[in-house]
A.B. asks: 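My structure is below; once you've seen it, I'll send some questions.
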Amino acid sequence: MAIDAEKIEQPKSPEKVRDVPADWKANIIAFACHYCAFAAADLAGVMRLSYPSNVKVVRLPCTGKLDQIYLLRAFERGVDGVFAAG
Amino acid sequence: MIIGEQKPFEEIWEMVKGHKQLTVFGCNTCVAVCHQGGNKEAEIMASLLRMRATQEGLEIDIKNGGIERQCEHPFFESAKALLDQSEAVLSLACGIGVQFVAEKYMNTPVYPALNTTFLGDVKQDGFFTEKCQACGDCVLGVTGGVCPVSRCCKRLFNGPCGGSSNGKCEISKDIDCAWQLVVDRLQALGKMDDYEKLVPIKDWSKDRAGGPRSFKLEDF
């Protein structure tokens with residue numbers, strides 16, 4: 001239907017494609033549930049397992065607390081990717 | 001309640017991109033229930049617009065805010081400071097709210113972020129259906145509580161047309177035949193006698209045909 005076709009927005013970015021520097025690392029924020037994923041990360045720490053320093057973990061009481069605006073605020077502040085674990 | 005649907009993002013961006021300051025303003029009643037224009041959606045829209053402005057290299061100061069209803073004066077008190085300082089407002093209210101803001105702030109451009117679509121109910125979470133056209137002369141009392149004005153595609157008042165098939169309308173298999181629903185309901189109520197009553201020609205002057213309507217309580 002014509003009306004539906006009008007609603008479809010073609011994904012387009014006004015940003016120019018640039019070369020990725022060799023030493024670039026994605027800035028990742030991880031939203032982790034207190035009761036499972038965060039506990040697992042904590043256990044990994046106890047076991048002296050390491051994870052990349054470009055991943056920052058934010059503890060949530062539950063991933064159900066995750067809201068669209070948290071993700072958008074993270075992207076606005078320069079995060080490259082979001083990892084939700086719960 | 002009033003159902004609205006957000007306009008395509010590109011359309012909104014084209015309207016507002018020329019301003020240096022913009023307030024994205026939510027309305028937290030009807031359009032918040034349909035997840036299109038509440039204060040939460042205003043915050044999300046403001047974020048999307050800020051990111052778009054950054055991508056395009058434009059410096060636009062985009063704030064967000066909102067009130068419970070954009071169609072009543074008292075609710076605006078809490079947002080007075082925000083709106084007074086706004087160069088332009090992107091209202092996420094229905095068409096009523098957008099016009100109300102525009103009337104209140106004569107020198108501030110106000111843009112609609114939503115298309116106001118219909119008066120409807122919340123059939124289930126995230127699913128809304130049209131139930132009323134505010135025709136100004138309700139007939140629900142004789143039609144078993146099913147509105148032939150808003151739910152019959154032809155607005156018929158005295159039984160179905162020939163396009164009614166297996167309880168569905170010929171317009172679409174997803175649309176119930178309103179008159180099938182009327183008959184089902186009258187049968188359930190044991191009031192099939194009402195079906196035989198001829199509804200006289202409707203007075204459409206109480207609908208939009210009489211121009212914009214108003215209602216004033218004399219004791220106020």
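Treat the numbers as computed from the prediction; the structure is a model and nothing was measured. Quick note on labels: first sequence line is chain A, next is B, and so on, each numbered from 1.
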A.B. asks: Indicate the atoms forming the closest heavy-atom contact of A:Glu76 with B:Ser47, along with that distance.
C.D. replies: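 Distance-wise, the nearest heavy atoms are OE2-OG, 2.7 Å.
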A.B. asks: Could you tell me if the side chain of A:Ile69 sits less than 4.5 Å from the side chain of B:Lys40, heavy atoms only?
C.D. replies: no
A.B. asks: In terms of heavy-atom contacts, does CG of B:Asn166 have more than 12 from other residues, nucleotides or ligands at under 6.0 Å?
C.D. replies: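 Check fails, neighbour count at 12 or below.
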A.B. asks: Does NZ belonging to A:Lys56 count more than 12 external heavy atoms closer than 6.0 Å?
C.D. replies: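 Above 12, so yes.
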A.B. asks: Does atom CZ (A:Arg73) have a neighbourhood of more than 12 heavy atoms from anything else shown, all under 6.0 Å?
C.D. replies: yes
A.B. asks: For B:Arg213, is the CZ atom crowded, meaning more than 12 foreign heavy atoms sit under 6.0 Å from it?
C.D. replies: yes
A.B. asks: Could you check whether any side-chain heavy atom of A:Gln68 comes within less than 4.5 Å of a side-chain heavy atom of B:Glu41, counting everything from C-beta outward?
C.D. replies: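 Heavy-atom side-chain distance check fails, nothing below 4.5 Å.
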